[in-house]
Q: 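Below: one structure in structure tokens.
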Amino acid sequence: MKPDDPLLKILVCPIDKGPLSLLLPDDVLYNPRLRRRYPIIDTIPQLLPSSGEQVTETEHEAILRRLPPDERPSDAPC
């Protein structure tokens, strides 16, 4: 999956139905609101709630630094 893939505009988290961020080169979709990541396997996003993995506080902070400002949650540190 690439950052300009039109599919990214319609994919949402299966839990809160909010937008997801693509993390490269990890090839995962990330929900910063719930701190959950979803794998992309063989170019197919795995978006079942059970496919998601909770990230630690340290991982979340590192991921937030990688996200563009417009993809960070409003309560995230700058």
Side-chain angles (χ1 to χ4, degrees):
M1 187 167 269
K2 296 180 181 179
D4 60 349
D5 192 324
L7 188 59
L8 282 174
K9 293 181 181 179
I10 62 170
L11 291 178
V12 297
C13 174
I15 298 172
D16 75 356
K17 309 302 185 232
L20 297 166
S21 298
L22 178 63
L23 300 179
L24 295 174
D26 307 340
D27 228 13
V28 298
L29 294 168
Y30 186 64
N31 178 339
R33 298 166 308 284
L34 299 180
R35 300 175 184 198
R36 293 183 66 82
R37 67 177 155 219
Y38 297 91
I40 300 171
I41 301 173
D42 295 329
T43 71
I44 300 170
Q46 307 299 303
L47 292 176
L48 292 173
S50 61
S51 299
E53 177 183 62
Q54 198 73 35
V55 301
T56 66
E57 181 67 27
T58 304
E59 289 174 303
H60 175 68
E61 290 173 7
I63 290 169
L64 286 181
R65 287 191 291 274
R66 294 171 50 193
L67 293 178
D70 64 327
E71 292 185 29
R72 295 178 190 158
S74 58
D75 63 342
C78 295

Q: Are the side chains of R33 and P19 in touch, meaning some heavy atoms are under 4.5 Å apart?
A: yes
Q: Against L29, only a single residue in S21, P45, C13, P39 fulfils side chain to side chain contact (heavy atoms under 4.5 Å, CB included); can you say which?
A: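 With L29 as partner, S21, P45, C13, P39 yield a single side chain to side chain contact (heavy atoms under 4.5 Å, CB included), made by P45.
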Q: Determine whether a donor-acceptor pair (N or O, by modelled atom type, separation under 3.5 Å) exists between the side chain of D26 and the backbone of V28.
A: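 Checked: no pair found.
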Q: Can you name the nearest heavy-atom pair linking I41 to Q46, along with the distance?
A: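 Closest heavy-atom pair between I41 and Q46: CD1-CG, 3.8 Å.
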Q: Would a hydrophobic clustering, with Ile, Leu, Val, Met, Phe, Trp and Tyr connected at side-chain separations under 4.5 Å, put V12 with I40?
A: no
Q: Does any part of the side chain of L64, heavy atoms only, come nearer than 4.5 Å to the side chain of P32, both counted from C-beta?
A: yes
Q: Taking salt bridge (charged side-chain N to carboxylate O under 4.0 Å, His left out) as the test, write out the residues that go with D5, two or more places apart.
A: none
Q: Using salt bridge (charged side-chain N to carboxylate O under 4.0 Å, His left out) as the criterion, list what pairs up with D27, not counting sequence neighbours.
A: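 Here no residue qualifies.
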Q: How many angstroms lie between atom CG of N31 and atom CG of L47, to the nearest 0.5 angstrom?
A: 10.5 Å
Q: Mind jotting down which residue pairs meet the salt bridge (charged side-chain N to carboxylate O under 4.0 Å, His left out) criterion with at least one end in residues 37-47? Sequence neighbours excluded, please.
A: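 Of all non-adjacent pairs touching residues 37-47, those that pass salt bridge (charged side-chain N to carboxylate O under 4.0 Å, His left out) are R37-E53, R37-E59.
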Q: Ignoring hydrogens and geometry, is there a side-chain-to-backbone donor-acceptor pair from Q54 to R35 under 3.5 Å?
A: yes
Q: Where is the tightest heavy-atom contact between Y38 and L48, given as atom of each residue plus distance?
A: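 Here Y38 and L48 meet closest at CE2-O, 3.7 Å.
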Q: Identify whether I10 and L22 are in the same connected component of the hydrophobic contact network (ILVMFWY, side-chain heavy atoms under 4.5 Å).
A: yes
Q: Tell me, with the steps shown, if L8 and L20 meet side chain to side chain contact (heavy atoms under 4.5 Å, CB included).
A: CA-CA 8 Å; L8 282 174; L20 297 166; over 6 Å; no
Q: With no hydrogens and no angle check, is any side-chain donor or acceptor of R36 less than 3.5 Å from a backbone partner on S51?
A: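 No.
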